[in-house]
Amino acid sequence: MATINGARVGLYVVLWLFSAVLLGLTATRLHYTLHLPPGDPLNNGNSFYDPIVAELLVTSVLGLLWASFIIHIIHRSYDYGRITSFAGELIGLMALFTLYLVGAAIASTFWGNLFWCHRFWQCRVLTVLVAFAWMCWAIVFILMFVSVMFAVANAAFFHPLHGRYDARDSYYNREPKRRRFWFF
């Protein structure tokens with residue numbers, strides 16, 4: 001039977017995958033714009049970079065690190081203080097939410113309608129870049145919603161985000177369980 005932690009880990013895995021794809025797309029775009037061949041029609045062949053692509057690159061790296069960290073915390077049941085509470089998770093998710101929203105919105109205003117140039121691979125890269133930026137934002141939004149609902153329903157904002165509230169179940173406090181009978 002699926003649990004809320006299993007669903008959250010699944011969503012964080014999807015966020016990690018989408019952030020990895022976005023990282024590759026932004027790196028491809030930055031490589032292309034920083035190494036324009038002479039005579040390229042884009043910017044008359046002068047190299048440049050788009051600041052919003054650099055912002056999305058940093059955001060995707062932060063998304064990769066954050067998703068890896070949270071998957072590790074949920075899976076291993078570590079308790080590192082406030083950062084591993086639901087409140088800490090929500091602060092991190094709100095930061096990612098803002099970064100992905102700003103990046104996706106600005107990228108959409110620049111490259112929202114590139115259907116006229118889909119025969120060029122860079123236009124297709126920009127279209128997919130905008131799509132993955134919005135998909136990362138949507139996954140972060142769903143994760144925020146799920147975490148808030150779980151924390152409110154269980155009054156658990158300052159409890160460990162792995163969802164195991166018994167101190168004996170956390171990694172550092174594991175004690176052998178005492179058995180009353182030899183078969184229990």
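In this structure, NE2 on His31 lies 8.5 Å from OG1 on Thr28, to the nearest 0.5 angstrom.
In this structure, Trp116 places its CH2 atom where only 12 or fewer heavy-atom neighbours from other residues, nucleotides or ligands lie under 6.0 Å away.
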One pair to check against side-chain contact (heavy atoms from CB on, under 4.5 Å): Glu89 and Met144. What are the steps and the verdict?
CA-CA 9 Å; Glu89 178 189 21; Met144 277 179 45; over 6 Å; no
Would you sort out whether Phe18 and Phe132 count as a ring pair (Phe, Tyr, Trp, His ring centres under 6.0 Å), showing the intermediate values?
CA-CA 7 Å; Phe18 285 179; Phe132 270 94; 5.4 Å; yes
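Leu11 has its side chain out of reach of Leu15: every pair of non-hydrogen atoms, C-beta onward, lies at least 4.5 Å apart. Counting heavy atoms from C-beta outward, Leu93 and Phe141 have side chains that stay 4.5 Å or more apart.
Sorted by first and then second residue, the salt bridge (charged side-chain N to carboxylate O under 4.0 Å, His left out) pairs involving residues 109-118 (not counting sequence neighbours) form an empty list.
Contact detail for Leu56 and Thr26: the closest heavy-atom pair is CB-CG2, 3.8 Å. Residues Cys136 and Leu22 approach most closely at SG-CD2, 4.4 Å, considering heavy atoms.
Here the options are Val125, Ile52, Thr127, the test is side chain to side chain contact (heavy atoms under 4.5 Å, CB included), and the partner is Trp111; only Ile52 passes.
Looking only at atom types and distance, the side chain of Glu55 has a donor-acceptor partner in the side chain of Thr59 under 3.5 Å away.
Between Trp134 and Trp137, the ring-plane angle classifies as perpendicular under the 30° and 60° cut-offs.
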